[in-house]
**Student:** 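I'd like to ask you about the structure that follows.
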4 protein chains.
Amino acid sequence: MSEKFWMTGLVPATFTPMHQDGSLNLAQTAPIVERLVKHKIQSIFVCGTTGEGSSLSTAERKATLEAYVTASKGRIAAVAHVGHTALADACDLAAHAQSIGAAAVSALPPFYMRPANVSELVDNMAAIAAAAPKLPFYYYHIPGLSGVTLDMVEFLKQAGTRIPNLAGIKYTAPTLYEFQSCAALEGGRYNMVFGVDEMLLSGIASGAVGAVGSTYNLAPALYHQIQAAFAQGDHAQAQRLQLLSAHMVEAVKKFRPLPALKSMMKLTGIDCGPTRLPLVAMRDAEFNALSKNLDALGFPQWMA
Amino acid sequence: MSEKFWMTGLVPATFTPMHQDGSLNLAQTAPIVERLVKHKIQSIFVCGTTGEGSSLSTAERKATLEAYVTASKGRIAAVAHVGHTALADACDLAAHAQSIGAAAVSALPPFYMRPANVSELVDNMAAIAAAAPKLPFYYYHIPGLSGVTLDMVEFLKQAGTRIPNLAGIKYTAPTLYEFQSCAALEGGRYNMVFGVDEMLLSGIASGAVGAVGSTYNLAPALYHQIQAAFAQGDHAQAQRLQLLSAHMVEAVKKFRPLPALKSMMKLTGIDCGPTRLPLVAMRDAEFNALSKNLDALGFPQWMA
Amino acid sequence: MSEKFWMTGLVPATFTPMHQDGSLNLAQTAPIVERLVKHKIQSIFVCGTTGEGSSLSTAERKATLEAYVTASKGRIAAVAHVGHTALADACDLAAHAQSIGAAAVSALPPFYMRPANVSELVDNMAAIAAAAPKLPFYYYHIPGLSGVTLDMVEFLKQAGTRIPNLAGIKYTAPTLYEFQSCAALEGGRYNMVFGVDEMLLSGIASGAVGAVGSTYNLAPALYHQIQAAFAQGDHAQAQRLQLLSAHMVEAVKKFRPLPALKSMMKLTGIDCGPTRLPLVAMRDAEFNALSKNLDALGFPQWMA
Amino acid sequence: MSEKFWMTGLVPATFTPMHQDGSLNLAQTAPIVERLVKHKIQSIFVCGTTGEGSSLSTAERKATLEAYVTASKGRIAAVAHVGHTALADACDLAAHAQSIGAAAVSALPPFYMRPANVSELVDNMAAIAAAAPKLPFYYYHIPGLSGVTLDMVEFLKQAGTRIPNLAGIKYTAPTLYEFQSCAALEGGRYNMVFGVDEMLLSGIASGAVGAVGSTYNLAPALYHQIQAAFAQGDHAQAQRLQLLSAHMVEAVKKFRPLPALKSMMKLTGIDCGPTRLPLVAMRDAEFNALSKNLDALGFPQWMA
């Protein structure tokens, strides 16, 4: 790594745009990126959970990453999610990411056969990180979905000596005490990126400098104002804005969350199409009901 | 309720002091209370998880509550945890709490047979709250231990029309977005009390005005300083102090947490004795190892 | 123990009869026992999960056990479930069971604070077993409800040297390979009693000689015929009858199972009243719907 | 489907043989198949959990299936596991399986994004089954690994009208009452295949006519004798032999089970090599310890 990359500020976990038939619609990456540039976004997380990475073929994941990198024209750094149940596929994706100019690589643990202890997890992640040795590597911790609930402080301690390009953790769990312990390790060596949008304020208060999430695509200005209000010590305002995020997520959770969130991209003026199975796409009636609820919250003003 | 009681600030979840043979050692409630008064504590939570309420007989729970109320001499409000798998016992404990001058009542859900939906939970809590109609009632949400993982916003909505003395929730879970939604409900009608000590800073940042926890017995000054630093906008200092709490909890989790925490009361000068089965009391060698780790953290200075 | 007691054959886990207001209706234990005597039942399991033990006060549990022992007039052995989150209460119940002529004692693990390993579990069970030293002791393994998922072979190995009156395990889980390993331990030293009615045939095939369950109250003849068909090598008939049990349980699981099962006692001619909270009693409309489904299965003929 | 295929008898879930470096060693499929032919095996399950399907690339899964089909020379029917988190990959694998002469197709549910209800599951499985319309389709139910715990009776009811080539379920769970209900549905329309080797006897007693499992590779004669003993009504002998299976599995579970089982193929004279990450291959010392335990059980005689 010639220079240090850190994920800071808001890092939208981008959607993978699709046509109505579920095929990739990568032309849409251009308006997505332009919108994020306008909102001063510096990094994106591609083909993760929000991007339906596990529902795409390896070839589709490469094509999607390439589209985002191309559309970015150097203005936004792309972090490539490369996790896969098949280690060789993960390594292939990592090497590809490095070859086409991604800024960093991140990987889920294997999630069918799961590592039983930290040592097994490190073995897996070391192999993936070694396939893109020039890029910083982030472990993707999301125990609620991956089923891997290992101790992250212990992971960093063991991985730190085994993975030369270990940069940090994309940490998608509400347990901020562990997040904080990770961030404090070895003088703040690791870039801990917080992944619970609806708790961003808690994350910032605990010292998070970067945050990855799906709703940062939808309402970046809202979250920027949360950061600003907090930095200025206006805690009441920060809470008021964070509450709006919590209410938005509540509204979304009345439905299958990811199909709902992907549909909501239409409200920003960019149609990202439906989700793929197993995520049944939102029906029109559902979308209308959700939109109405979001209107009542005054949410759409943030989605411009 | 003649006047409004709210749990604000730090609310230690008190230990139940025992002799070496496991029998109650209620004389120790006096020095415990004096120490907390010195630290300007205004409320305590008696016979909850920290107080080993589920390991005590109903008679012992009453005696423990009485001892704390007596020792308080009106200086500290006692919130009585009265949850029990047998509803009649819970009601008996609630009525007793009201009769001897407790300030409020709180109850776990039944945790062997568990409510399957919010409506069943409300039925249960309504019966308990009605047994102490003059006291404010707090539901005790701790899904990691109780196994009851229901939606708390929905609980408040339904319970609000059924339980006249519903005051709020003792909320022991890291999901602060739900906490915040609960706190904002109906113009802030409910007293939401946060229960994750090692995330107090996140809780405050999200608007928590009260916090119940076991480590507030041990190091109240540390947490007071977190609150003060945050209020003054000194976020870096607040994080530094909160990190100390996270490290302390990390040290404790190398052992069975509650036996470790109860042992640590000795470091404050007040021996609370061992825990009861099923919590095997800490052995001396373990206590010495833990003490050494706490020394290295500089923790004991906060325990004076 | 002057003579060896083993639970063999069908062991109904009895309901605790209640009046409409939820108070005990112990006069009904007499017709319950007479019916079971008529069906050649030799043992019953009192105040367990089916008997709503965790919803009763300690005094009520004693009264219920006494009523069953009295009604039995020596014809049916009563196994007293004495498990309690408070160890002293469990011991009190165990001593009482011994004093009034129960045949054996059984205990759940503590289920709020839970043993973290086999050694802690043995410590707990040893204390309870020692309170009724003249009675055989059965650990009650029901991981789906207690949340205690420890290795039962290991439990027997460790407990065997610590609990002189250890008799076996009431084993309520479908994992019959572990059941079989337990049963084979030390030359078949332990009385393993199988607790999944809807899999009785699988249990018998794996060598179970005793089975505890709620539906043995309702349709003992059905299960006796399963045993008989299997013993005679008529596997097809055994499967056909077991399927009826599976279908009955399927019908019951459309509702809250225990309220449904308790209601069904009416179909045997003995009203056991409603369940207590947290188990909301079945409504009439639900009972009628369930009855209709049971009629369609031809189930009621077995309930005479 | 020109003629009806059912999985009956023992269906080994084959290992995917690998070189020491983890690359495929497909030449070994020949001796594996010859050994199974000798043991009168009629079907095998390829690239499932035992075959590390999720750790292989799509190309490797095709190559492995082809090798098994070729080696079988029509003597053994190959069931191809084609489940994949990416639906298009699953469909591609299904179409390939049909094109090269597999006898049937089976699929796990998506296991990162998971179906939330039976309807979503049916949608997914219908798409996969439609990609190999001439082959019978089996849903692969293994809730302990996939995290998909939906009602299988309901699945068959809904899927039966949506998936013309639905043949049944590979059912890997100990809940035999549900298995039996599924098997009885619509006059026995579905081929329910039981997947818990260490409970085979319970499965047979409940009416299973087919069983898929990893240990059927290792000791087919043992399980054949269990079937024979049961068919002859020699229940004691059947239990004695099944206990040996339970003890073998107990011995294996002291280690990571799948690496241990794959290593044990050496004891049958056929080296299948190591497992791939995330399953760390067994170390020599571990293998020696395991072998010693198996010797003590008298297990190796069954592995000839």
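The figures here come from the full heavy-atom set of this structure, side chains too, leaving out hydrogens, waters and symmetry mates.
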**Student:** Counting only non-hydrogen atoms closer than 4.5 Å, does B:Asp123 touch chain C with its backbone (N, CA, C, O), its side chain (CB onward), both, or neither?
**Tutor:** both

**Student:** Tell me, for B:Leu258 versus chain C, whether the close heavy atoms (under 4.5 Å) come from the side chain, the backbone, both or neither.
**Tutor:** side chain

**Student:** Mind checking whether B:Phe111 and C:Phe111 have parallel, tilted or perpendicular rings, split at 30° and 60°?
**Tutor:** tilted

**Student:** Do the side chains of C:Arg114 and B:Pro278 get nearer than 4.5 Å, heavy atoms only?
**Tutor:**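 They are not in contact (no side-chain heavy atoms under 4.5 Å apart), so the answer is no.
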
**Student:** Mind checking the CG-OG spacing from C:Asp89 to B:Ser54? Nearest 0.5 Å is all I need.
**Tutor:** 11.0 Å

**Student:** Set out, in order, the CA-CA distance, both residues' side-chain angles and the distance that settles side chain to side chain contact (heavy atoms under 4.5 Å, CB included) for C:Thr49 and B:Met113, then state yes or no.
**Tutor:** CA-CA 8 Å; C:Thr49 303; B:Met113 305 296 196; 3.7 Å; yes

**Student:** Select, from C:Leu108, C:Thr58, C:Leu87, C:Leu121, the one with the greatest count of heavy-atom pairs under 4.5 Å involving chain B.
**Tutor:** C:Leu108

**Student:** Checking heavy atoms, do the side chain of C:Leu56, its backbone, both or neither come under 4.5 Å from chain B?
**Tutor:** backbone

**Student:** Please check if the number of heavy atoms outside B:Asp284 that lie under 6.0 Å from its CG is greater than 12.
**Tutor:** no

**Student:** Going by ring pair (Phe, Tyr, Trp, His ring centres under 6.0 Å), name the residues that satisfy it together with C:Phe255, two or more places apart in sequence or in a different chain.
**Tutor:** none

**Student:** With a 4.5 angstrom heavy-atom cut-off, which part of B:Ala116 approaches chain C: side chain, backbone, both or neither?
**Tutor:** both

**Student:** List the steps and the verdict of side-chain hydrogen bond (donor to acceptor under 3.5 Å, both in side chains) for C:Thr85 and B:Tyr112.
**Tutor:** CA-CA 10 Å; C:Thr85 58; B:Tyr112 183 69; over 6 Å; no

**Student:** Please check if the number of heavy atoms outside B:Lys254 that lie under 6.0 Å from its NZ is greater than 12.
**Tutor:**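 Atom NZ in B:Lys254 is not packed in, count stays at 12 or less.
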
